[in-house]
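In what follows, a single structure is set out as structure tokens and then discussed.
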Amino acid sequence: MAASPAQRRRWEREQARLRASVLEEDTEPWQKQPQFAGLHRVGGVDLSYSKGDESRACAFLVVLSYPDLEVLYQDCRMVPVTTPYVAGFLAFREVPVLVEAVQRLQQEEPQLQPQVLLVDGNGLLHPREFGIACHLGVLTDLPCIGVAKNLLHVDGLVRDELHKEQVRSLQRSGEAFPLTGTSGKVLGMVLRSHSNSSRPLYVSVGHRVSLGTAVSLVRACCRFRIPEPIRQADIRSREYLRRQPCAPVPASPQSKSETESED
DNA sequence: GCGACAG
DNA sequence: ATCTTGTCGC
């Protein structure tokens with residue numbers, strides 16, 4: 001199911017409205033300290049889906065200690081998913097349930113609240129400079145960093161031979177190069193996050209963080225190619241799906257009456 | 001018009 | 001995102 005032109009326009013308007021609240025610079029003291037002194041908790045979020053079932057997903061939020069990267073908190077929830085995935089509008093599918101997860105954490109374990117959140121997907125590296133990492137950041141007011149595993153074609157950026165060659169030029173773990181769009185703006189950085197994987201990461205600003213800090217922090221969180229907070233959320237959410245393939249969605253109090261007479 | 005397109 | 005086992009290599 002593709003999104004109608006009208007739906008896309010509504011989504012674009014919403015993105016433009018929220019885009020105005022994005023902060024692209026470091027706003028936290030620890031972000032300017034050597035070795036990120038003062039940083040103790042890094043969060044990660046991810047959703048996993050099972051094969052045939054497009055209607056539900058497992059939403060996972062983890063908080064890891066820094067710099068040890070040990071799991072301090074985890075929140076797992078089977079959630080109904082109604083919005084389809086449309087490139088450029090991922091946030092409308094995944095952000096609502098992630099916001100709820102963050103709110104549960106803030107209410108139940110406020111002392112474990114993450115000081116920064118790594119998000120699966122892009123931030124400013126987006127057609128309207130407002131990817132899921134920006135969206136989640138603005139709605140939660142948490143510093144957020146976008147970490148994508150594939151390049152989203154935007155502002156003239158494409159995964160052509162030149163790009164592949166630039167990626168090949170990243171020899172050592174930690175090396176990176178900027179992604180400058182046709183507009184001249186630097187929308188993100190391509191980072192080789194691990195010595196054993198030639199596939200890079202696409203890091204971009206989400207909210208309340210500078211691009212340089214974002215890349216440095218992602219580097220510091222990588223035991224393997226995928227930064228540990230996102231990797232743990234990913235591993236644990238799939239593991240949950242594997243064990244609870246048919247777990248029922250928590251029934252709402254009055255779900256009968258509104259099942260058939262809608263429009 | 002066709003293809004490309006985060007998760 | 002998901003479907004999929006073993007296997008080659010450091």
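Here is how names work: the chains are called A, B, and so on, in the same order as the sequence lines, proteins then strands, and each is numbered from 1. All heavy atoms count here, side chains included; hydrogens, waters and symmetry mates do not.
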- Base, sugar-phosphate alone, or nothing: which one does A:F89 contact when heavy atoms must sit under 4.0 Å apart? base
- Message: Does A:I132 reach a base, just sugar-phosphate, or nothing at all? Heavy atoms under 4.0 Å.
- Response: base
- Item | Separation of B:dG3 P from A:D160 CG (nearest whole Å) | 19 Å
- Distance in angstrom units between A:L90 CG and C:dA1 C1', rounded: 10 Å
- Whole angstrom value for the distance that separates P of C:dA1 from CG of A:L152: 14 Å
- Under 4.0 Å between a side-chain N or O of A:Y85 and OP1 or OP2 of B:dA6? yes
- Message: Strictly below 4.0 Å: does A:K149 bring a side-chain N or O up to OP1 or OP2 of B:dA6?
- Response: no
- Message: Using every non-hydrogen atom in the two residues, find where A:P110 and A:Q106 come nearest and quote the distance to one decimal.
- Response: CB-O, 3.4 Å
- To the nearest Å, how far apart are A:F224 CZ and C:dC10 P? 18 Å
- Message: Counting the benzene-type ring for Trp, do A:Y202 and A:H153 have ring centres under 6.0 Å apart?
- Response: no
- Under 4.0 Å between a Lys/Arg side-chain N and an Asp/Glu carboxylate O for A:R19 and A:E14? no
- Just compare B:dA6, B:dG7, C:dT2 and give me whichever is closest to any side-chain atom of A:N122. B:dA6
- Item | Separation of atom CG in A:L179 from atom C1' in B:dA6, rounded to whole Å | 13 Å
- Distance test, side-chain N/O of A:K51 to OP1/OP2 of C:dA1, below 4.0 Å: no
- For A:I226 and C:dA1, give me the distance from atom CD1 to atom C1', rounded to whole Å. 13 Å
- Message: What's the closest nucleotide to the side chain of A:A148 if the choices are B:dG7, B:dC5, C:dT2?
- Response: B:dG7
- Message: Out of the candidates A:Q113, A:Q107, A:Q111, only one should pair with A:E109 under the side chain to side chain donor-acceptor pair (under 3.5 Å) rule; please name it.
- Response: A:Q111
- Query: Is A:G88 touching bases, backbone alone, or none of the nucleic acid, heavy atoms closer than 4.0 Å?
  - Reply: base
- Query: Roughly how many Å is it from OH in A:Y49 to P in B:dG7, rounded to a whole number?
  - Reply: 11 Å
- Distance test, side-chain N/O of A:N150 to OP1/OP2 of B:dG7, below 4.0 Å: yes
- Atom-pair distance (CD1 on A:I230; P on B:dG7), nearest Å: 10 Å
- Candidate list A:N122, A:V205, A:L124, test side-chain contact (heavy atoms from CB on, under 4.5 Å), partner A:E129, passing option: A:L124
- Message: Under 4.0 Å from OP1 or OP2 of C:dA1: is there any side-chain N or O of A:R93 that close?
- Response: no
- Item | Which nucleotide in B:dA6, C:dA1, B:dG7 has an atom nearest any side-chain atom of A:D46 | B:dG7
